[in-house]
There are 4 protein chains.
Amino acid sequence: MTMQRAAAATRAPGRPRSEKAEKAIIEAALDLLAEGAGMSDLSIEAIAHRAGVGKTTIYRRWPGKEELVLDALTTLKAPVPDFGELSVRDALVSYLTFIQHESDHPRTRCIMNIAMSERERYPSMVERFYRLAIEPRRIALRATLQRGIDNGELRPDLDIETAMAAVTGSMIYFTKWHHGNELPADLPERIVDGLLEGFKAG
Amino acid sequence: MTMQRAAAATRAPGRPRSEKAEKAIIEAALDLLAEGAGMSDLSIEAIAHRAGVGKTTIYRRWPGKEELVLDALTTLKAPVPDFGELSVRDALVSYLTFIQHESDHPRTRCIMNIAMSERERYPSMVERFYRLAIEPRRIALRATLQRGIDNGELRPDLDIETAMAAVTGSMIYFTKWHHGNELPADLPERIVDGLLEGFKAG
Amino acid sequence: MTMQRAAAATRAPGRPRSEKAEKAIIEAALDLLAEGAGMSDLSIEAIAHRAGVGKTTIYRRWPGKEELVLDALTTLKAPVPDFGELSVRDALVSYLTFIQHESDHPRTRCIMNIAMSERERYPSMVERFYRLAIEPRRIALRATLQRGIDNGELRPDLDIETAMAAVTGSMIYFTKWHHGNELPADLPERIVDGLLEGFKAG
Amino acid sequence: MTMQRAAAATRAPGRPRSEKAEKAIIEAALDLLAEGAGMSDLSIEAIAHRAGVGKTTIYRRWPGKEELVLDALTTLKAPVPDFGELSVRDALVSYLTFIQHESDHPRTRCIMNIAMSERERYPSMVERFYRLAIEPRRIALRATLQRGIDNGELRPDLDIETAMAAVTGSMIYFTKWHHGNELPADLPERIVDGLLEGFKAG
DNA sequence: GAGTAACCGAGACGGTACGTCGTGTCTTCTT
DNA sequence: AAGAAGACACGACGTACCGTCTCGGTTACTC
């Protein structure tokens, strides 16, 4: 029993790493990213200075920028919403509203920026980030659409993959190319209703 | 004689700038972008080295990276296709096929990468690039959809803006998040047909 | 019983400091100095590592490098020789032989190096070291010369300060600028006899 | 002939190195040394900052601190005085006065500090510095003493090496261990006269 | 065909950031 | 309480590029 306690109590000798420093580093990295820095502009030195931390303290924890940014971004991972109670139409509206709200805040907006723009240069980082933060949403969205098919709200022969692309892609398109300062509040409804109805006449 | 001098003087005195160098610079910039460089990684020094040219030769022509990249990208500007003869459905399929082909080639793929990812840091460049290369397509697409409404192919109350977002956004979504190496050949058809039909049952 | 406890309490509570560690630290510092380290190169970390000791163990005993080095150097303080029985000429030869022997051994050689070169940066350390290790020799040397004057061996109007400078300075000069590997064994005699005789002809 | 001219006119392509920068670097290094820095305290970064120069500009010229300091010190090399017209006694006084004046000025004082204290750590630098700056003086001093022997001013059996050590070493001794702020003005005379006369009575 | 002025390559310039190392201080568990 | 281990903020290291500048030499047009 004593041995068990000793075994349980075993931890690395020496001063333990400061959680405070770790948080400050993540915060600093997110701040800088939110201020518009891309991966290349984001310097370890700037992060360290902003966090009030020595560079060593960063390199002790992460081998490089890539891994640090991955950790920083995943802390922003919002919980996947649960649309169990809503109609499929309302669930999709909620889903897009959720995305729209994210793109209003600099911190969460930078998530998608990084994920979309740095894929070619940091494929493994983006890939891992995708699995942690994007995939769960896709699964939730897919489940919602499947539920719509199952309960008769949606066409039984609906191509779920292209439907997902249409829903999410529409929103991305607007957040990227909308030329005003803010997206209209009823955008999610307009998108969803337009897609449900289809383009064809008659 | 005065006129002759004036006519002759339309050309600047001194050694004329080498067209060869200019082309080599543009080519080098496009190569580097195609190889995955973003704006920050794209260095004037690297371009000069790749083009076999002194850095001065670049800075004499463009005030900075931004302007050079803008020129380089507009070089790639494909002509806007004319869908006058096709049904709206086929026109949309052609449109997306066109985009899909672009994303197959590294050079043209980088267009959208830059345009989408560097907006916050180089807003004026992206803005000008948008007017030169994106806006014409949007106009063509809008005209096509309007034609569909006018000739009864599409719903008369179709929200054209969200419809454009759905068409283009779907494609963007796939090019960005598709996890295989290549997009399926029938993707444009699947997208267009799915959107025309709508999601709703019955 | 109270008295016994009081007696026992003359010793601080808790684990007593390890004399072994203290000696190892001094030894390590002297080794490093003997290997050619100056004050700036001599790092607490290196001393701790060489002594097989944690840095804390050093900082608990000395407030800084300066004080540690002072202690280490005074450890080497050789006893001032007593020349009471010898003629002044032989006393001076003994004195220089003593210095020459010191400069043969890396450990004692480093004493003078430190004392001469670090004066501007660590004046208080050098000052205190001077009082402990150099001053006694100067006093002995001065007494020897005074004895020579008193007993008629030396000129009554001899300028004792410059004479001391000539005796000691000659030796310093050789130890610093001699370009062979070792000083000749008869050097002290040559120096002393030359000085006693003077340079002038006739 | 044309070829000869071409050969003569050949110089490295590209922008030539700035003499101004070179001088500023040397000046900065000397300033820092004069302010009491030793070799270890003297950082390339500090020199660059003080000189208003990038670090690269230093590393482009010198492989390291050692070579830079050597160059910096040799710029201070005073011309060897010529004592041809003076009596040997006055020549020696001039010689020591010259040394004493050097030790009054921070810049020239640091010469001897470096030369004497960094020998063990930077032997090749000190060796080369010795040849450039110290050796010529020794030669001049030796010649002066030899002249004294030849013209009957000095003893014919004078040991020149120990005599040189006595002259120079006395001065070194005072500059190193004198505890006031300034050396007395008549010190050279006192040293020389004491040495010429000898210590012995009668 | 000599003058001249803009062009060209090369490369040095003042900087910034890199990732590593070593400083002296601190905080933790173990003895 | 002392010990070791090691994390901490800091700062210098030497390297690699950045975008700017300053050269000698090269064109190609004008007089």
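All chains are named by letter (A, B, ...) in the order of the sequence lines, taking the proteins before the strands, and each is independently numbered beginning at 1.
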Across all chains, not counting sequence neighbours, the side chain to side chain donor-acceptor pair (under 3.5 Å) partners of A:R109 are B:E120

Residues passing the side chain to side chain contact (heavy atoms under 4.5 Å, CB included) test with A:I111, sequence neighbours excluded, are A:L73, A:L76, A:F129

Under a 4.0 Å heavy-atom cutoff, the residues of residues 56-65 of chain D touching DNA chain E are D:T56, D:T57, D:R60, D:R61

Taken to the nearest whole Å, CD/B:E45 to P/E:dT16 is 17 Å

Here the residues of residues 16-39 of chain A within 4.0 Å heavy-atom distance, strictly under, of DNA chain E are A:P16

Base of F:dA7, side chain of A:R15 - is there a donor-acceptor contact under 3.5 Å?
yes

Between A:A51 and A:P13, whichever has its closest DNA chain F nucleotide further toward 5' is A:P13

Residues passing the salt bridge (Lys or Arg N to Asp or Glu O under 4.0 Å) test with A:D71, sequence neighbours excluded, are none

To the nearest angstrom, the CD-P distance between B:E67 and F:dG19 comes to 12 Å

From CD of D:E66 across to P of F:dC13 the rounded distance in Å is 15 Å

The reported gap from CG in D:L68 to CD1 in D:I26 (rounded to nearest 0.5 angstrom) is 5.5 Å

Testing E:dT20, E:dG14, E:dA17 for proximity to the side chain of D:V53, the answer is E:dG14

Taken in chain and number order and not counting sequence neighbours, the residues that satisfy side chain to side chain donor-acceptor pair (under 3.5 Å) with D:S40 are C:D41, D:R121

For E:dG19, does the base pair up with any side-chain atom of A:K55 as donor and acceptor (N or O, under 3.5 Å, distance only)?
yes

From NE2 of B:H49 across to C1' of E:dA10 the rounded distance in Å is 12 Å

Residues at least two apart in sequence or cross-chain that pass side chain to side chain contact (heavy atoms under 4.5 Å, CB included) with C:A51, listed by chain then number, are C:A24, C:I25, C:A28, C:V53

Value for CD1 (B:I114) from OH (B:Y122), rounded to nearest 0.5 Å, stands at 9.0 Å

So which protein N/O to nucleotides 1-4 of chain E N/O distances come out below 3.5 Å?
none

Taken in chain and number order and not counting sequence neighbours, the residues that satisfy side chain to side chain donor-acceptor pair (under 3.5 Å) with C:E27 are C:R107

With sequence neighbours left out, the residues meeting salt bridge (Lys or Arg N to Asp or Glu O under 4.0 Å) with D:R15 are none

From CG of D:D41 across to P of E:dG22 the rounded distance in Å is 17 Å

For residues 55-69 of chain B, the salt bridge (charged side-chain N to carboxylate O under 4.0 Å, His left out) pairs (sequence neighbours left out) are B:E22-B:R61, B:E45-B:K55

Sorted by chain and number, sequence neighbours left out, side chain to side chain donor-acceptor pair (under 3.5 Å) with D:R17 holds for none

